Amino acid sequence: MPELPEVETIVSNLRYGTPDYPSLIGLRITTAQLFWLRTLVMPQADEFGVRVIGQCIDDILRRGKFVVISLVDDTLLIHLRMSGDLMVEAADAPLLPHHRLVLNFENGLRLSFNDPRKFGRVWLTAHPEIVLGDLGPEPLDVGLTAQDFYTRLVVHRRQLKPLLLDQNFLAGLGNIYTDEALHLARLHPLTRADSLNFEQVELLLQSIRAVLQEGIRRNGASIDWVYRGGEFQNYFRVYQRTGEPCLNCNTPIQRIVIGQRGTHFCPSCQQKTSR
DNA sequence: CACGAGACCTGTTCGC
DNA sequence: TGCGAACAGGTCTCGT
């Protein structure tokens, strides 16, 4: 489900609070409940409880698609994968069917990790770099220059779509924002990375940043039954618009499968030979 | 190194 | 109406 803009939205809600609940910064964890064993990667469930209880939340950040919750002695890392969500509720509210992990706070609130498909994962570690260490750069980091991006990109012979989805190449893009960015940059998703010139790579980086920033501005995208209040789904240019007219040229948007992921593009605006 | 298939899971939607 | 297939925002592992 969540890509960079959705995770950013969730993190900023937890960090700053919303009209419905306050910031979680500073809250102390009093109890923890794990309902699906495989949700927790490390440490073992019994050790998790012993270690997490009593710690206060120092900070809440995002790295790629990870939610990074800094505690006093440890870091709690949460990856929402396809269907995960984080919700703040009253600690005495009924447990929902898909709650996998719940942290209760001393102020009567709780943080619930809800995840119907059970793909999401949680780590508690004093060494978050063990989990985050191989992630590529943040696309919105102003320190990432077009020249850096060009240098990193053209050493690969892979197709653009799978390369952009590779979190070790660039951290945070998922299926939606990759399709949207490639359309904005007018690049065919099957184009080989090492065939791009500098101007194309520069435009690609600008396009990635533009779609991510628009996604964040609209609080992410909410699709189907996994709804979280974002609006970006109303502004997709290609994603899930198969057969509908391209907003540039009216050509019907096409859907193909690349690396087992549905891929949407305009066959007229996005041509492999464009150079 | 690059790619494809299968696995992990549940819920919704599509097509006959 | 009913039922199985296809599909879903992600990532890992294995074989070629």
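Owing to the predicted nature of the structure, the values given are computational and were not obtained by experimental measurement. Letters A, B, ... mirror the listed sequences (proteins, then strands); counts begin at 1. Only heavy atoms go into these numbers, but all of them, side chains included; no hydrogens, no water, no symmetry mates.
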[X] [atom1] to [N] [atom2]: how many Å, rounded?
X      : N      : atom1 : atom2 : value
A/I10  : C/dG9  : CD1   : P     : 16 Å
A/R117 : C/dG10 : CZ    : P     : 10 Å
A/L37  : B/dC9  : CG    : P     : 11 Å
A/L4   : C/dG10 : CG    : P     : 11 Å
A/L165 : B/dA2  : CG    : C1'   : 15 Å
A/R261 : C/dT11 : CZ    : P     : 8 Å
A/N234 : C/dG9  : CG    : P     : 17 Å
A/Q233 : C/dA8  : CD    : P     : 17 Å

Answer yes or no: does a side-chain N or O of [X] lie under 4.0 Å from OP1 or OP2 of [N]?
X      : N      : value
A/Q167 : C/dG10 : no
A/H156 : B/dA2  : yes
A/R100 : B/dC9  : no
A/K65  : C/dG9  : no
A/H98  : B/dC9  : no
A/K118 : B/dC8  : no

Would you say the side chains of [X] and [Y] form a donor-acceptor pair under 3.5 Å?
X      : Y      : value
A/T145 : A/D148 : yes
A/T18  : A/N13  : no
A/E3   : A/N175 : no

List in chain and number order the residues that pass salt bridge (Lys or Arg N to Asp or Glu O under 4.0 Å) with [X], two or more places apart in sequence or in another chain; answer none if no residue qualifies.
X      : result
A/R241 : A/E244
A/K65  : none
A/E214 : A/R218, A/R237
A/E89  : A/R110

Exercise. Among residues 204-214 of chain A, which contact DNA chain B at a heavy-atom distance under 4.0 Å?
Worked result: none

For this session: Taking only heavy atoms on the protein side, list every residue of residues 120-137 of chain A lying under 4.0 Å from any atom of DNA chain B, sorted numerically.
Result: none

Problem set entry | Distance between P atoms of C/dA6 and B/dG6 (Å, rounded) | 13 Å

For this session: For A/Y150, enumerate each residue passing the ring-ring contact (aromatic ring centres under 6.0 Å, His included) test, keeping only those at least two apart in sequence or located in another chain.
Result: A/F198

For this session: Tell me, please, which residues at least two apart from A/F236 pass ring-ring contact (aromatic ring centres under 6.0 Å, His included).
Result: A/F232, A/Y239

For this session: Mind checking A/Y239 for me? I need base, sugar-phosphate or nothing, with any heavy atom below 4.0 Å counting as a touch.
Result: sugar-phosphate

Exercise. A/R255 near the nucleic acid: base, sugar-phosphate alone, or nothing, with a heavy-atom cut-off under 4.0 Å?
Worked result: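 Sugar-phosphate contact only - A/R255 comes under 4.0 Å of backbone atoms but never of a base.
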
Problem set entry | Worked check of side chain to side chain contact (heavy atoms under 4.5 Å, CB included) between A/L153 and A/L204 | CA-CA 11 Å; A/L153 190 137; A/L204 176 58; 4.0 Å; yes

Exercise. What stem regions, each of at least 3 consecutive Watson-Crick or G-U pairs below 3.5 Å, can be found for DNA chain C?
Worked result: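 Expected stems, ordered by start: B:2-8 with C:10-16, B:10-16 with C:2-8.
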
Seminar exercise, completed: Under a side-chain separation threshold of 4.5 Å, the hydrophobic residues clustered together with A/V238 are A/I253

Exercise. Under the 5.5 Å and 30° test, is A/F119 stacked on the base of B/dC8?
Worked result: yes

For this session: Output the single nucleotide from B/dC8, B/dA2, B/dG11 whose closest atom is nearest the side chain of A/R38.
Result: B/dC8

Exercise. Quick one: which of B/dG11, C/dG9, B/dC3 gets closest to the side chain of A/I223?
Worked result: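 Among B/dG11, C/dG9, B/dC3, the one nearest the side chain of A/I223 is C/dG9.
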
For this session: Could you tell me whether the side chain of A/S222 and the main chain of A/G230 form a donor-acceptor pair under 3.5 Å?
Result: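 Answer holds: yes.
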
Exercise. Counting N and O atoms only, with roles assigned by atom type, does the side chain of A/D115 sit under 3.5 Å from a partner on the main chain of A/F119, one being a donor and the other an acceptor?
Worked result: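 Looks like yes, one N/O pair under 3.5 Å.
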
For this session: Could you pull out all residues at least two apart from A/V131 that satisfy side-chain contact (heavy atoms from CB on, under 4.5 Å)?
Result: A/F66, A/L77, A/W123

Problem set entry | Option passing side-chain contact (heavy atoms from CB on, under 4.5 Å) with A/V102 (candidates A/L96, A/T31, A/L95, A/N114) |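 Between A/V102 and the candidates, side-chain contact (heavy atoms from CB on, under 4.5 Å) is satisfied uniquely by A/L95.
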
Distances under 3.5 Å only, N/O to N/O: pair up the protein atoms with those of nucleotides 4-7 of chain B.
residue	atom	partner	partner atom	Å
B/dA5	N7	A/Q260	NE2	2.6
B/dG6	N7	A/Q260	OE1	3.4

